[in-house]
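Worksheet: the structure to be examined is printed underneath.
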Amino acid sequence: MDILIGFPEGEALAGRLASRLGLGLRMVALHRFPDGESLVRLEGAPERAVIVRSLDRPNDKLVELQFLAGALRERGCRELTLVAPYLAYMRQDIEFRPGEVVSQRIMGRWLGGLFDRIVTVEPHLHRTHDLTAVFPGTRSAALSAGPLLGRWAREQGADAGWVILGPDEESEHLVHGAAQAAGAQALVGLKVRRGDHDVSVGLPAGTDLTGRTVLFVDDIVSSGGTLIDAAKVARAHGATRFLAATAHAVFPMERMAAFQAAGIETVVSADGIDHPTNAIGLTGLIADCLATL
Ligand code: R5P
């Protein structure tokens with residue numbers, strides 16, 4: 001029997017995907033011992049299973065995934081699929097300073113060794129442009145949320161007068177996908193990061209945003225520093241209205257006050273990570289991909 005397996009923090013998305021795919025949903029039960037170790041419990045011995053888990057705040061989640069995948073293989077599972085809408089540790093793809101671990105490569109071997117298929121959304125890839133280079137020998141897909149973010153913008157009234165702004169060249173595909181779906185103008189900035197909480201976003205010389213509505217798009221909003229700086233620079237270039245849509249929201253809701261203080265009307269996110277700002281569904285995108293992968 002084929003089943004879809006969800007984890008407690010991602011029950012909503014797992015439920016939607018299971019019903020879309022026509023698979024029975026089983027939820028993993030987790031127990032955390034006082035010493036920090038995890039007990040993972042799931043009954044059954046499926047022949048094929050799709051495990052759904054976003055890997056934000058990933059360290060414990062990875063170990064639990066390893067335990068679950070290992071147990072399912074022991075019970076005879078022949079095909080294991082991981083749907084990780086947010087995939088961790090993709091940024092560190094080279095040794096920036098001597099001795100640094102290239103986590104992307106190690107993760108590739110780790111997850112590639114556990115799963116037959118891996119599906120993710122907007123993985124944070126820098127120099128590696130293709131997810132198959134991270135998971136050689138594993139069927140994998142990196143889905144873009146751009147068109148979905150753009151469709152959301154369209155529903156909010158986006159037209160050719162709107163500008164879809166991404167912070168840096170890594171956001172280029174997201175910006176163009178969203179701009180096309182929204183029927184809006186695409187604009188890609190140039191980001192300089194000086195530290196985890198110290199970033200600045202620049203715009204091409206001569207950019208004129210006078211009176212424009214700007215929808216800021218990014219793969220992830222984490223501290224929100226990038227978003228706030230982008231709003232500041234867009235305002236300095238003449239923009240008058242600001243919104244934001246992201247594939248992955250991990251910021252604490254207390255940050256909303258800072259976003260509003262920066263003039264950002266609303267921040268919405270896709271639902272790969274459960275978050276109060278979820279407004280854009282990924283179920284159809286992921287289900288369609290699984291049907292052909
Ligand atoms: C960075 O390269 C990413 O695309 C995001 O722009 C960044 O991670 C957002 O982080 P924060 O919200 O902390 O500025």
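Read the numbers this way: they start at 1 and go in the same order the structure lists the ligands and their atoms.
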Exercise. Going by distance alone, is a donor N or O of one side chain under 3.5 Å from an acceptor N or O of the other, for E122 and H173?
Worked result: yes
For this session: With heavy atoms under 4.0 Å as the rule, classify the contact between D218 and ligand 1 as side chain, backbone, both or neither.
Result: side chain
Exercise. Considering only the protein, which heavy-atom contact is closest to atom 13 (O) of ligand 1, and what is its distance?
Worked result: S223 OG, 2.6 Å
Exercise. Thinking salt bridges, do R48 and D116 make one under a 4.0 Å N-O criterion?
Worked result: no
Problem set entry | atom 3 (C) of ligand 1 - nearest protein heavy atom and its distance | H124 CE1, 3.0 Å
For this session: Apply side chain to side chain contact (heavy atoms under 4.5 Å, CB included) to the pair D274 and E11, showing each step before the final yes or no.
Result: CA-CA 9 Å; D274 197 40; E11 186 165 6; over 6 Å; no
For this session: Would you mind checking if R91 and E170 are paired as a salt bridge, meaning a charged N to carboxylate O distance below 4.0 Å?
Result: no
Problem set entry | Atom CZ of R41: over 12 foreign heavy atoms under 6.0 Å | no
Exercise. Charged N to carboxylate O below 4.0 Å: is that the case for E79 and R139?
Worked result: yes
Problem set entry | Sidechain N-carboxylate O distance under 4.0 Å for R97, E100 | yes
For this session: Specify the protein heavy atom at minimum distance from atom 4 (O) of ligand 1: its residue, its atom name, and the distance to 0.1 Å.
Result: D219 OD1, 2.7 Å
Exercise. Nearest protein heavy atom to atom 9 (C) of ligand 1, by residue and atom, and its distance?
Worked result: I220 O, 3.4 Å
Exercise. Which heavy atom of the protein is the closest neighbour of atom 14 (O) of ligand 1, given with residue, atom name and distance?
Worked result: T226 OG1, 2.5 Å
For this session: Mark the output for K191 as yes if a heavy-atom distance to ligand 1 is under 4.0 Å, and as no if none is.
Result: yes
Seminar exercise, completed: closest protein heavy atom to atom 10 (O) of ligand 1 is R193 NH2, 3.7 Å
Problem set entry | Lys/Arg-Asp/Glu bridge criterion (N-O < 4.0 Å) met for E169, K191 | no
Problem set entry | Cationic N near anionic O, under 4.0 Å, R32 to D60 | yes
Exercise. What part of D168, side chain, backbone, both or neither, has a heavy atom within less than 4.0 angstrom of ligand 1?
Worked result: side chain
For this session: State the atoms of ligand 1, each with its element, that fall below the 4.0 Å cut-off from a heavy-atom position in E170.
Result: 2 (O)
Problem set entry | For V221, the ligand 1 atoms whose distance to one of its heavy atoms is below 4.0 Å | 12 (O)
Exercise. Where is the nearest protein heavy atom to atom 8 (O) of ligand 1: which residue, which atom, and how far?
Worked result: R91 NH2, 3.1 Å
Problem set entry | Heteroatom proximity flag, G224 to ligand 1, N/O under 3.5 Å | yes
